[in-house]
Amino acid sequence: MFDLNKIRNDFPILKEKIYGKNLVYLDNAATTHKPQVVIDAIVEAYTKFNSNIHRGNHFLSEICTQKYEQARQIVQKYINAVSSKEIIFTKGATESINLVANSFASFLNKDDEVIVSAMEHHANLVPWHILSNNKGIKLKIIPMNSNFELDLTQFENLFTAKTKLVSVVHISNTLGTINPIEKIIKTAHSKAVPVLIDAAQSIQHKKIDVQKLNCDFLAFSGHKIYAETGIGVLYGKQSMLEKMSPYQGGGDMIKDVSYNSTEYADLPFKFEAGTSNYVGAYSLGKAIEYVENIGIENIELYEKELFEYAFDKLSKIEGIDIYAASKENRISSLSFNVKGVHHLDIGTMLDKFGIAIRTGTHCTQPLVNSFGQTGTVRASFAFYNTFEEIDFFIESLKKVIEMFK
Ligand SMILES: Cc1ncc(COP(=O)(O)O)c(C=O)c1O
């Protein structure tokens with residue numbers, strides 16, 4: 001489908017040895033590695049045009065501003081937003097969701113409701129808990145069924161006259177489940193409730209078209225789509241963002257300031273207080289171009305094959321509980337436990353084979369606790385992973401299980 005050797009060569013870290021062994025990196029849901037073009041872009045930015053953006057009228061500042069704004073347009077095109085005014089740079093998905101929660105706070109009254117799902121990352125729970133503590137809002141949860149998928153049979157019943165927002169994860173970072181967000185968005189809109197999609201685990205695996213989806217907000221992090229860490233995006237429909245107040249104040253987000261008051265800048269700058277991570281934004285533009293050159297559809301197809309291959313192999317090992325009833329409708333993250341062996345022990349031992357996986361609750365503690373566990377072992381795949389790496393992971397896992405018998 002694509003030249004895997006060439007792709008692997010693009011990622012210098014994949015050549016690193018871990019305890020003298022080849023690195024097998026299966027922790028891509030936590031963060032992804034960077035292709036050379038992204039690393040070069042970061043060096044290029046600091047070597048050739050580093051300067052504060054939107055402020056100077058000198059040459060370097062103008063170049064740096066252009067690069068930053070071009071990156072915004074690259075993001076806009078990638079997710080098919082109507083306008084670059086709808087693309088707000090943040091430091092990551094967490095900040096993007098916090099921005100919405102904080103701005104929405106002024107529209108919310110005590111007992112107003114926000115609907116989330118049973119699969120949310122803490123980044124899409126805790127900001128609402130803060131609002132719950134500060135404003136008395138209530139959270140309602142879309143439950144999960146025994147297939148580790150959202151149970152939408154009761155979804156409509158969760159809405160009341162007090163429902164103000166639905167905020168759901170597109171793909172679960174713990175389970176790899178791809179949630180039916182199209183349906184969720186349609187249902188919410190039929191009740192005139194806006195929807196935020198947490199795309200932290202989908203932007204790197206699937207084509208996202210915000211106009212087709214018709215979501216009101218979409219949040220993601222650059223570091224999970226092969227860009228630098230510390231840059232992220234909040235997409236918001238212009239009509240929504242116009243209504244919202246800024247979440248932080250400071251330089252660059254103003255039109256006019258007196259000692260007594262501030263007039264805010266127009267979108268998108270209204271939401272970008274202080275010096276933005278312009279190098280991060282530049283790296284994000286380069287990362288998206290890199291992904292587009294390979295083709296996000298190609299990436300999705302290949303990653304689905306990797307997931308299915310790993311799922312089939314893992315299912316054949318005795319004593320494994322996989323937190324996925326089937327391999328359908330899933331991508332990248334595969335969570336499991338081995339009966340009688342602590343998840344942390346599996347992770348610690350696999351590390352000695354050069355295999356990087358994650359153990360614990362993956363910032364989805366309520367979800368993991370809901371299936372009676374304190375943690376899981378999670379392998380998560382990216383398009384630079386190979387079937388041979390999965391074979392090695394499975395063989396190493398079998399050895400680890402033997403050691404604990
Ligand atoms: C589904 C999901 N949402 C939100 C986040 C938060 O992303 P960040 O820590 O980059 O802000 C993550 C990170 O793992 C995630 O997986």
Side-chain angles (χ1 to χ4, degrees), residues 6-18 23 25 27-56 58-79 84 87-96 199-201 203-205 208 219-235 250-252 268-269 271-296 299 356 380 382-385:
K6 188 187 165 304
I7 283 171
R8 287 184 66 81
N9 270 329
D10 290 340
F11 291 82
I13 206 169
L14 298 180
K15 296 194 181 73
E16 284 298 299
K17 299 283 177 206
I18 308 296
L23 166 66
Y25 186 78
D27 194 18
N28 293 288
T31 199
T32 57
H33 292 311
K34 317 306 164 199
Q36 193 64 51
V37 280
V38 167
I39 299 168
D40 288 347
I42 296 164
V43 174
E44 182 204 359
Y46 285 120
T47 329
K48 303 264 191 204
F49 56 81
N50 176 51
S51 234
N52 209 325
I53 51 166
H54 298 146
R55 287 160 171 82
H58 58 79
F59 184 83
L60 283 187
S61 175
E62 277 173 15
I63 297 282
C64 204
T65 301
Q66 270 173 28
K67 303 277 188 197
Y68 182 73
E69 293 306 326
Q70 277 164 6
R72 200 189 302 278
Q73 285 167 7
I74 293 171
V75 174
Q76 177 208 339
K77 290 207 181 76
Y78 184 60
I79 63 171
S84 62
I87 307 299
I88 315 292
F89 283 123
T90 63
K91 66 185 162 90
T94 302
E95 191 180 42
S96 301
Q201 298 293 343
I203 195 76
Q204 65 281 50
H205 301 302
I208 304 254
F220 67 89
S221 298
H223 71 99
K224 301 207 197 253
I225 180 168
Y226 315 103
E228 206 185 353
T229 175
I231 186 75
V233 169
L234 174 69
Y235 156 81
D252 215 26
F269 312 111
F271 290 107
E272 294 179 1
T275 301
S276 301
N277 183 358
Y278 49 85
V279 177
Y282 184 56
S283 85
L284 177 58
K286 292 288 175 188
I288 289 176
E289 282 175 350
Y290 179 82
V291 162
E292 283 186 313
N293 276 340
I294 295 168
I296 188 71
I299 289 174
S380 53
F383 65 94
Y384 45 61
N385 289 127

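Keep in mind it's a predicted model, so treat the numbers as computed, not measured. Throughout, residue positions are numbered sequentially from 1 according to the sequence presented.
Side-chain atoms of I87 and P268, non-hydrogen and from C-beta on, never get closer than 4.5 Å to each other. Residues Y25 and I18 are not in side-chain contact: their nearest non-hydrogen atoms beyond the backbone lie 4.5 Å or more apart. Side-chain contact between Y282 and I231 is absent, with no heavy-atom pair separated by less than 4.5 Å. Residues I7 and F383 are in side-chain contact: their nearest non-hydrogen atoms beyond the backbone lie under 4.5 Å apart. Under the 4.5 Å side-chain criterion, counting only non-hydrogen atoms from C-beta, V37 is not in contact with D10. In this structure, I74 and E289 have side chains that are in contact, with non-hydrogen atoms separated by less than 4.5 Å.
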Worksheet item: For Y278 and N52, what are the C-alpha separation, side-chain angles and deciding distance, and is it a side-chain hydrogen bond (donor to acceptor under 3.5 Å, both in side chains)?
Response: CA-CA 8 Å; Y278 49 85; N52 209 325; 5.7 Å; no
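Remark: K6 NZ is loosely packed, at most 12 non-hydrogen atoms of other residues, nucleotides or ligands lying under 6.0 Å away.
Residue pairs meeting the salt bridge (Lys or Arg N to Asp or Glu O under 4.0 Å) criterion with at least one partner in residues 61-75, sequence neighbours excluded, are E69-R72, R72-E272. Every pair passing side-chain hydrogen bond (donor to acceptor under 3.5 Å, both in side chains) that includes a residue from residues 220-229 is listed here, sequence neighbours excluded: T31-H223.
Note: H58 NE2 to I63 CD1 = 11.5 Å, rounded to the nearest 0.5 Å. Taking CZ from F269 and OG from S276, the interatomic distance works out to 9.5 Å, rounded to the nearest 0.5 Å. Atom OG1 of T90 sits about 7.0 Å away from atom CG of L234, to the nearest 0.5 Å. With rounding to the nearest 0.5 angstrom, the CD1 atom of I208 is 5.0 Å from the CD1 atom of I203. The distance from atom CD of Q204 to atom CD1 of I296, rounded to the nearest 0.5 Å, is 7.5 Å. Of the inter-residue distances, the one linking L60 atom CG with T65 atom OG1 reads 10.5 Å to the nearest 0.5 angstrom.
Minimum interatomic distance between L14 and H33 (heavy atoms only, all atoms of both residues): CD2-CD2, 4.2 Å. The heavy-atom pair separating S51 from C64 by the smallest distance is O-SG, 3.2 Å. Of all heavy-atom pairs spanning I39 and K34, the tightest one is CD1-O, 3.6 Å.
Looking only at distances, no side-chain donor or acceptor of T32 sits under 3.5 Å from a matching main-chain atom of N28. N293 contributes no side-chain N or O that, together with a main-chain N or O of Y290, makes up a donor-acceptor pair within less than 3.5 Å. Side chain of S96 to main chain of A219: no donor-acceptor pair is present (N/O by atom type, distance under 3.5 Å, no hydrogens or angles). The main-chain N or O of P12 is never found under 3.5 Å from a side-chain atom of E16 such that the two would form a donor-acceptor pair. One N or O on the side chain of S61 and one on the backbone of G56 form a donor-acceptor pair closer than 3.5 Å.
K15 meets the salt bridge (Lys or Arg N to Asp or Glu O under 4.0 Å) test with no other residue; sequence neighbours excluded. Legend: residues meeting ring-ring contact (aromatic ring centres under 6.0 Å, His included) with Y68, ordered by chain and number and at least two apart, are H54, F89. Legend: residues meeting salt bridge (Lys or Arg N to Asp or Glu O under 4.0 Å) with E44, ordered by chain and number and at least two apart, are absent. In terms of the salt bridge (Lys or Arg N to Asp or Glu O under 4.0 Å) criterion, residue partners of D252 (sequence neighbours excluded) are, by chain and number, R55.
Aromatic ring centroids of Y78 and Y235 lie 6.0 Å or more apart.
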